[in-house]
Q: 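Encoded as structure tokens, here's the structure I'll be asking about.
Counting from 1, the numbers follow the sequence of the chain as shown.
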Amino acid sequence: MQFGFLVFPGIQQLDLSGPYEVFASVPGTSVQLIWKDTEPLTSSTGLRLIPTTTFEDCPALDVLCIPGGGGVNALLTDQIVLGFVRETAGACSLVTSVCTGSLVLGAAGLLEGKRATSHWNAVDLLDRFGVVPTEGRVVRDERIVTAGGVTSGIDFGLEIVADLFGRNAAETVQLALEYDPAPPFDAGTPRTARPDILAAARERLSHSRREREVLLDGMAGTQ
């Protein structure tokens with residue numbers, strides 16, 4: 001079974017590596033990292049990644065996944081990327097995203113009228129694409145499966161494995177990875193974080209958010 005992740009400059013590394021580890025841990029799977037070329041690219045936190053295939057050479061996929069990150073902003077108006085996503089998604093059993101990757105699916109016109117989620121700091125922007133913004137770690141609407149922010153990609157990956165290979169396969173991967181989260185602080189969502197922590201996080205993410213809003217306003221103005 002072929003899984004494919006879109007990779008790009010400024011990708012959020014854990015959006016990719018969490019579900020990648022889950023999918024690649026299932027015997028008999030192949031996981032591709034797909035970009036315009038196979039030159040190394042740099043994630044939002046500096047990790048270097050090497051794509052394994054290009055848009056032109058990408059094999060037929062069963063599952064397409066779009067991770068998120070600050071680099072998503074440049075993809076929202078990149079017609080080469082959006083065209084590849086649209087064309088590839090048409091032949092996939094599942095079309096998926098992690099974090100702000102759902103904005104790319106929206107920009108490609110694949111989420112109109114669908115329920116979908118994203119990072120908490122971006123989920124409200126989905127309605128710009130005719131999406132029904134839905135909070136949740138994993139949201140499924142027919143063959144569209146979207147995950148919330150960053151770490152939810154692991155939960156998402158396990159749910160996809162359970163769907164495709166059965167619960168036993170998913171639980172075996174979970175145990176092999178010792179995925180038993182017990183965070184030291186209860187600050188993982190805006191609902192549980194202290195107000196000062198939420199404000200600090202919003203400030204840290206504000207530049208990318210403002211850039212994203214300007215892009216989406218411009219896209220709306222051309223329609």
Side-chain angles (χ1 to χ4, degrees), residues 4-20 33-35 41-47 49 63-82 84-86 88-89 94-112 114-141 144-157 160 188-190 193 198 201-220:
F5 288 89
L6 181 72
V7 293
F8 48 89
I11 190 174
Q12 183 80 38
Q13 170 259 319
L14 193 54
D15 287 1
L16 165 69
S17 59
Y20 181 103
L33 302 182
I34 314 158
W35 185 234
L41 51 84
T42 304
S43 77
S44 60
T45 51
L47 184 72
L49 300 168
V63 179
L64 173 66
C65 184
I66 314 298
V72 155
N73 291 0
L75 306 185
L76 298 179
T77 55
D78 188 324
Q79 295 307 314
I80 295 176
V81 171
L82 297 179
F84 169 78
V85 170
R86 276 191 296 268
T88 304
L94 295 174
V95 178
T96 73
S97 66
V98 178
C99 197
T100 52
S102 56
L103 297 177
V104 178
L105 293 180
L110 299 174
L111 297 184
E112 188 168 357
K114 302 288 188 182
R115 295 167 56 253
T117 195
S118 191
H119 188 279
W120 60 263
N121 197 45
V123 67
D124 61 301
L125 298 176
L126 286 170
D127 65 5
R128 310 282 191 102
F129 302 109
V131 183
V132 181
T134 307
E135 292 187 7
R137 296 281 284 179
V138 183
V139 173
R140 182 162 189 168
D141 192 329
I144 303 292
V145 187
T146 55
V150 193
T151 60
S152 62
I154 300 176
D155 297 5
F156 150 85
I160 295 294
T189 74
L198 178 56
R202 288 191 186 279
E203 176 59 29
R204 181 174 297 181
L205 299 169
S206 62
H207 175 75
S208 181
R209 167 82 188 203
R210 285 194 296 268
E211 182 182 72
R212 200 165 283 155
E213 289 174 331
V214 169
L215 280 169
L216 294 177
D217 288 342
M219 292 167 64

Q: Side-chain donor-acceptor pair under 3.5 Å between Arg202 and Ser206, yes or no?
A: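 No donor-acceptor contact under 3.5 Å links the two side chains.
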
Q: Which heavy-atom pair separates Val139 from Thr134 by the least distance, and what is that distance?
A: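 For Val139 versus Thr134, the nearest heavy atoms are CG2-O, 3.8 Å.
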
Q: Keeping the roles fixed (side chain from Arg115, backbone from Arg140), state whether a donor-acceptor pair exists under 3.5 Å.
A: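 Yes, the answer is positive, given that a donor and an acceptor are paired below the 3.5 Å cut-off.
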
Q: Looking at Ala122, is its backbone amide N or carbonyl O close enough to the side chain of Ser118 to form a donor-acceptor pair, meaning the two atoms are under 3.5 Å apart?
A: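 Absent.
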
Q: Can you tell me how far CD1 of Ile66 sits from OG1 of Thr96, rounded to the nearest 0.5 angstrom?
A: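 Atom-to-atom, Thr96:OG1 and Ile66:CD1 are 7.5 Å apart.
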
Q: Decide yes or no for Arg212 and Thr100: does some side-chain heavy atom of the first lie under 4.5 Å from some side-chain heavy atom of the second?
A: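 SC-SC contact between Arg212 and Thr100 confirmed.
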
Q: Can you name the closest pair of heavy atoms from Gly106 and Leu111 and give their distance?
A: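 The answer is N-CD1, 3.7 Å.
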
Q: Evaluate Val104 against Leu76 for side chain to side chain contact (heavy atoms under 4.5 Å, CB included), listing each step before the verdict.
A: CA-CA 6 Å; Val104 178; Leu76 298 179; 4.3 Å; yes

Q: How far apart are the closest heavy atoms of Ala107 and Met219, and which atoms are they?
A: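 Distance-wise, the nearest heavy atoms are CB-CE, 4.2 Å.
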
Q: Can you find a heavy atom in the side chain of Phe8 that is under 4.5 Å from one in the side chain of Val81?
A: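 They are not in side-chain contact.
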
Q: Asn73 side chain to Ser208 main-chain N or O, any donor-acceptor pair under 3.5 Å?
A: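 Confirmed, Asn73 side chain pairs with Ser208 backbone.
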
Q: Check whether any side-chain heavy atom of Arg137 sits under 4.5 Å from a side-chain heavy atom of Thr117, and report yes or no.
A: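 They are not in contact (no side-chain heavy atoms under 4.5 Å apart), so the answer is no.
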
Q: Which heavy atom of Arg128 sits nearest to which heavy atom of Glu213, and what is that distance?
A: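 Where Arg128 meets Glu213 most closely, the heavy atoms are NH1-O, 4.2 Å.
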
Q: Mind running side chain to side chain contact (heavy atoms under 4.5 Å, CB included) on Leu49 and Leu16 for me, showing each step along the way?
A: CA-CA 10 Å; Leu49 300 168; Leu16 165 69; 3.8 Å; yes

Q: Working to the nearest 0.5 Å, report the span between CD1 of Ile11 and OG1 of Thr45.
A: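 Rounded to the nearest 0.5 Å, the CD1-OG1 separation comes to 10.5 Å.
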
Q: What are the two closest heavy atoms between Asp124 and Asp127, and how far apart are they?
A: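 Distance-wise, the nearest heavy atoms are O-OD1, 3.0 Å.
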
Q: Answer yes or no: is there a side-chain heavy-atom contact under 4.5 Å between Leu110 and Phe129?
A: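 No; the side chains remain at least 4.5 Å from each other.
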
Q: Quick one: does Leu75's side chain get under 4.5 Å of Leu82's, heavy atoms only?
A: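 When only atoms from C-beta onward are counted, Leu82 and Leu75 do not touch, as no gap falls below 4.5 Å.
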
Q: Are the side chains of Pro19 and Phe5 in contact, using a 4.5 Å heavy-atom criterion?
A: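 Contact flag for Phe5/Pro19 side chains = yes.
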
Q: If I take atom CD1 from residue Ile34 and atom CZ from residue Phe84, how far apart are they, to the nearest 0.5 angstrom?
A: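 Between atom CD1 of Ile34 and atom CZ of Phe84 there are 4.5 Å.
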
Q: Look at the side chain of Ser97 and the backbone N and O of Thr146, then say whether any donor-acceptor pair between them is shorter than 3.5 Å.
A: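 No, Ser97 side chain to Thr146 backbone: no donor-acceptor pair under 3.5 Å.
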
Q: If you compare all heavy atoms of Cys99 against all heavy atoms of Asp15, which two are closest, and at what distance to 0.1 Å?
A: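 Nearest pair, atom of Cys99 first, then Asp15: CB-OD2, 3.1 Å.
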
Q: Look only at the side chain of Ser43 and the backbone of Gln12, and say whether a donor-acceptor pair between them is shorter than 3.5 Å.
A: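 Side chain of Ser43 to backbone of Gln12: no pair is present.
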
Q: Is the shortest side-chain heavy-atom distance between Leu103 and Leu126 below 4.5 Å?
A: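 Of all side-chain heavy-atom pairs linking Leu126 with Leu103, at least one is under 4.5 Å.
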
Q: Please test Leu205 against Trp120 for side chain to side chain contact (heavy atoms under 4.5 Å, CB included), starting from the C-alpha separation and ending with a verdict.
A: CA-CA 11 Å; Leu205 299 169; Trp120 60 263; 4.1 Å; yes

Q: Under the side chain to side chain contact (heavy atoms under 4.5 Å, CB included) criterion, do Val132 and Asp141 qualify, and how do the steps go?
A: CA-CA 10 Å; Val132 181; Asp141 192 329; over 6 Å; no

Q: Mark yes when over 12 heavy atoms from residues, nucleotides or ligands other than Glu211 sit less than 6.0 Å from its CD; otherwise mark no.
A: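 More than 12 within 6.0 Å, yes.
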
Q: Do the non-hydrogen side-chain atoms of Cys65 and Phe156 ever get within less than 4.5 Å of each other?
A: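 The answer is yes; the side chains approach within 4.5 Å.
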
